[in-house]
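Scroll down for the structure; my scribbles are underneath it.
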Amino acid sequence: MHDSKWMTEELRLLADSARRFLERELVPHREKWEQRGVVDREAWLKTGAAGLLCTSIPEEYGGAGGTRGHDLVMREQLSRAGLAGGFGTGTGVHSTIVAHYILNYGTEEQKQRWLPGMATGEIIGAIAMTEPGAGSDLQGIRTSARRDGDSYVINGQKTFITNGQNADLIIVAAKTDTAARAHGVSLLAVEAARADGFRRGRNLDKIGMHAQDTSELFFDDVRVPLENLLGGVEGQGFTQLMVQLAWERIACAYGSLVAMERAVEMTTAYVKERTAFGKRLLDFQNTQFKLAEAKTQAVVARTFVDELIVRLLAGNLDPTTAAMAKWWVTDTGCKVIDECLQLFGGYGYMREYPISEIWTDARVQKIFAGTNEIMKLLIARTL
Ligand SMILES: Cc1cc2nc3c(=O)[nH]c(=O)nc-3n(C[C@H](O)[C@H](O)[C@H](O)COP(=O)(O)OP(=O)(O)OC[C@H]3O[C@@H](n4cnc5c(N)ncnc54)[C@H](O)[C@@H]3O)c2cc1C
């Protein structure tokens with residue numbers, strides 16, 4: 001375990017118990033989930049029973065009452081257990097994004113109704129922003145929510161939605177004013193079991209993150225009660241999304257950082273064992289220089305991200321610096337992991353070697369949680 005400034009004794013204990021739980025209960029099922037393209041519900045329920053979902057949600061709503069530090073520790077342990085490309089991403093969205101939308105913007109009644117079930121894993125959450133015609137340009141979404149009597153009627157289509165096959169509770173970004181851009185966006189909670197006209201599409205076939213269900217979702221005259229409008233005021237959705245996205249950026253940067261550190265560790269071990277031309281791979285100067293560079297980049301990333309986590313926990317991380325961490329760490333992560341894979345030779349391309357999975361899973365980090373180009377746009381606006 002690293003010696004970051006934000007680490008506490010409590011977080012170390014959490015890391016230790018999470019590591020043991022994941023190794024014992026979840027890792028043995030990893031391959032089956034990768035083949036099926038989805039993690040089974042049993043895993044969610046077991047993790048909930050172990051108190052490892054919704055770790056930063058207050059105890060009064062069934063959570064573990066921790067901080068964002070608890071969420072980051074969980075993210076790290078899921079990654080170290082090789083579960084980042086499945087359960088790790090799914091529970092990250094569920095516990096650290098969707099549950100926080102409910103906590104921050106839901107009514108008291110909604111918090112009581114949904115958060116305890118999310119903490120036990122009985123209710124699985126998803127956030128549906130992206131559409132076939134609008135990803136980066138969120139203001140251009142076409143899904144609409146029309147007010148009709150005591151309900152909103154939702155029509156539209158979403159794609160690339162994490163937990164799309166499993167989700168019970170979906171936070172949908174929709175236009176309550178179709179003529180407006182940002183000011184027309186609102187967030188509505190849709191309970192899948194009660195939503196006539198809601199349909200799940202394909203579980204999409206991805207190049208990585210094989211155990212994660214990522215899906216299309218369809219809404220055809222789906223009615224939800226007026227109180228399912230998060231925050232109670234129309235047109236707040238864009239701002240609500242932006243506030244939460246700062247966290248998502250740091251979480252994404254952290255995931256890439258841990259992946260980079262793992263890659264450097266496993267490659268260092270490999271080049272000490274493998275020989276060519278009568279020497280260990282580590283004895284070639286190219287190997288030494290490549291790994292010296294990789295390790296330096298991982299340490300620089302750790303130093304930067306740790307500093308931002310300290311600011312995040314103190315409540316003063318600004319979104320622009322979070323955007324810098326998101327693009328730079330995910331970009332550097334992909335480069336470092338690629339160099340590491342190269343040092344495995346042909347074995348690096350084989351799925352039985354974890355470096356191959358780290359490499360494919362790393363690629364998406366530059367795309368989701370706001371593409372790296374969008375991060376640069378946000379930074380450029382502040383110049
Ligand atoms: C595995 C996975 C899981 C996901 N999970 C979710 C989820 O749970 N919920 C959800 O809502 N979405 C999710 N997404 C969607 C993801 O957030 C989007 O794919 C992402 O925001 C990019 O949108 P897009 O795919 O439409 O690309 P586009 O917006 O079409 O972008 C294509 C390219 O153009 C660039 N570009 C776009 N606009 C500009 C600009 N103004 N200046 C310069 N370059 C620009 C982009 O950076 C990118 O390189 C997921 C995606 C993946 C792959």
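Remember, it's 1-based here, ligands and their atoms both numbered in the order they're listed.
- With hydrogens left out, the protein atom closest to atom 39 (C) of ligand 1 is Ile374 CD1, 3.9 Å, a heavy atom.
- Annotation: Glu373 places an N or O atom under 3.5 Å from an N or O atom of ligand 1; distance criterion only.
- Taking each of Pro132, Gly140, Ser136 in turn, the one with a heavy atom nearest to atom 31 (O) of ligand 1 proves to be Ser136.
- One N or O on the side chain of Gln165 and one on the backbone of Gly201 form a donor-acceptor pair closer than 3.5 Å.
- No donor-acceptor pair under 3.5 Å is formed between the side chain of Gln244 and the backbone N or O of Ile97.
- Salt bridge Arg12/Asp3: present, at least one basic N to carboxylate O contact under 4.0 Å.
- Considering only heavy atoms from C-beta on, Ile379 stays 4.5 Å or farther from Lys326 through its side chain.
- Ranking protein heavy atoms by distance to atom 42 (N) of ligand 1, first place goes to Leu377 CD1, 3.9 Å.
- The one candidate from Asn228, Asp148, Ile154 that meets the side-chain contact (heavy atoms from CB on, under 4.5 Å) condition with Arg223 is Asp148.
- A donor-acceptor pair is defined here as one N or O able to donate and one able to accept, closer than 3.5 Å; such a pair exists between the side chain of Asn203 and the backbone of Gly37.
- Nearest residue to atom 17 (O) of ligand 1 from Asp361, Val98, Ile127, Thr130 is Thr130 (criterion: closest heavy atom).
- No part of Asn163 comes within 4.0 Å of ligand 1, judged by heavy-atom distances.
- Between Glu339 and Lys335 there is no salt bridge, since none of the side-chain N atoms of the basic residue sits less than 4.0 Å from a carboxylate O of the acidic one.
- Of the protein's non-hydrogen atoms, the one nearest atom 20 (C) of ligand 1 is Ile367 O, 3.7 Å.
- At a 3.5 angstrom cut-off on N or O pairs, Ile161 does not count as close to ligand 1.
- Per-residue contacts place Val364 under 4.0 angstrom from the following atoms of ligand 1 (heavy atoms of the residue considered): 1 (C), 53 (C).
- A tilted orientation is assigned to the rings of Tyr270 and Tyr347, their planes being inclined by 30° to 60°.
- Atom 26 (O) of ligand 1 is flagged as protein-proximal [any protein heavy atom, distance under 4.0 Å].
- Within the 4.0 angstrom cut-off, atom 44 (N) of ligand 1 has one or more protein heavy-atom neighbours.
- The shortest heavy-atom distance from Val93 to ligand 1 is not under 4.0 Å.
- Panel note: side chain Glu34, backbone Gly85; no donor-acceptor pair is recorded below 3.5 Å.
- Between Arg30 and Glu357, none of the side-chain N atoms (NZ, or NE/NH1/NH2) sits under 4.0 Å from a carboxylate O, so this pair counts as no salt bridge.
- Arg302 places no side-chain N or O within donor-acceptor distance of the main-chain N or O of Ser4, the cut-off being under 3.5 Å.
- Polar contact check, Phe160 against ligand 1: a nitrogen or oxygen pair lies under 3.5 Å apart.
- Put simply, atom 7 (C) of ligand 1 has protein non-hydrogen atoms near it, under 4.0 Å away.
- Under 4.0 Å from ligand 1, not a single heavy atom of Gln212 appears.
- For the pair Thr162 and ligand 1, the shortest N or O to N or O distance falls below 3.5 Å.
- In this structure, the side chain of Lys290 does not engage the main chain of Gln342 through any donor-acceptor pair within 3.5 Å.
- Looking at Thr371 against ligand 1, only its side chain comes within 4.0 Å, counting heavy atoms.
- Of all heavy-atom pairs spanning Ser56 and Asp71, the tightest one is OG-OD2, 2.6 Å.
- Protein non-hydrogen atoms do reach within 4.0 Å of atom 1 (C) of ligand 1.
- Nearest residue to atom 21 (O) of ligand 1 from Gly135, Ala369, Gly92, Gly164 is Gly135 (criterion: closest heavy atom).
- In this structure, atom 33 (C) of ligand 1 is not in close contact with the protein, since no protein heavy atom lies within 4.0 Å of it.
- Residue Met209 approaches ligand 1 through these ligand atoms, each under 4.0 Å from one of its heavy atoms: 1 (C).
- Those atoms of ligand 1 with a heavy atom of Met129 less than 4.0 angstrom away are 10 (C), 11 (O).
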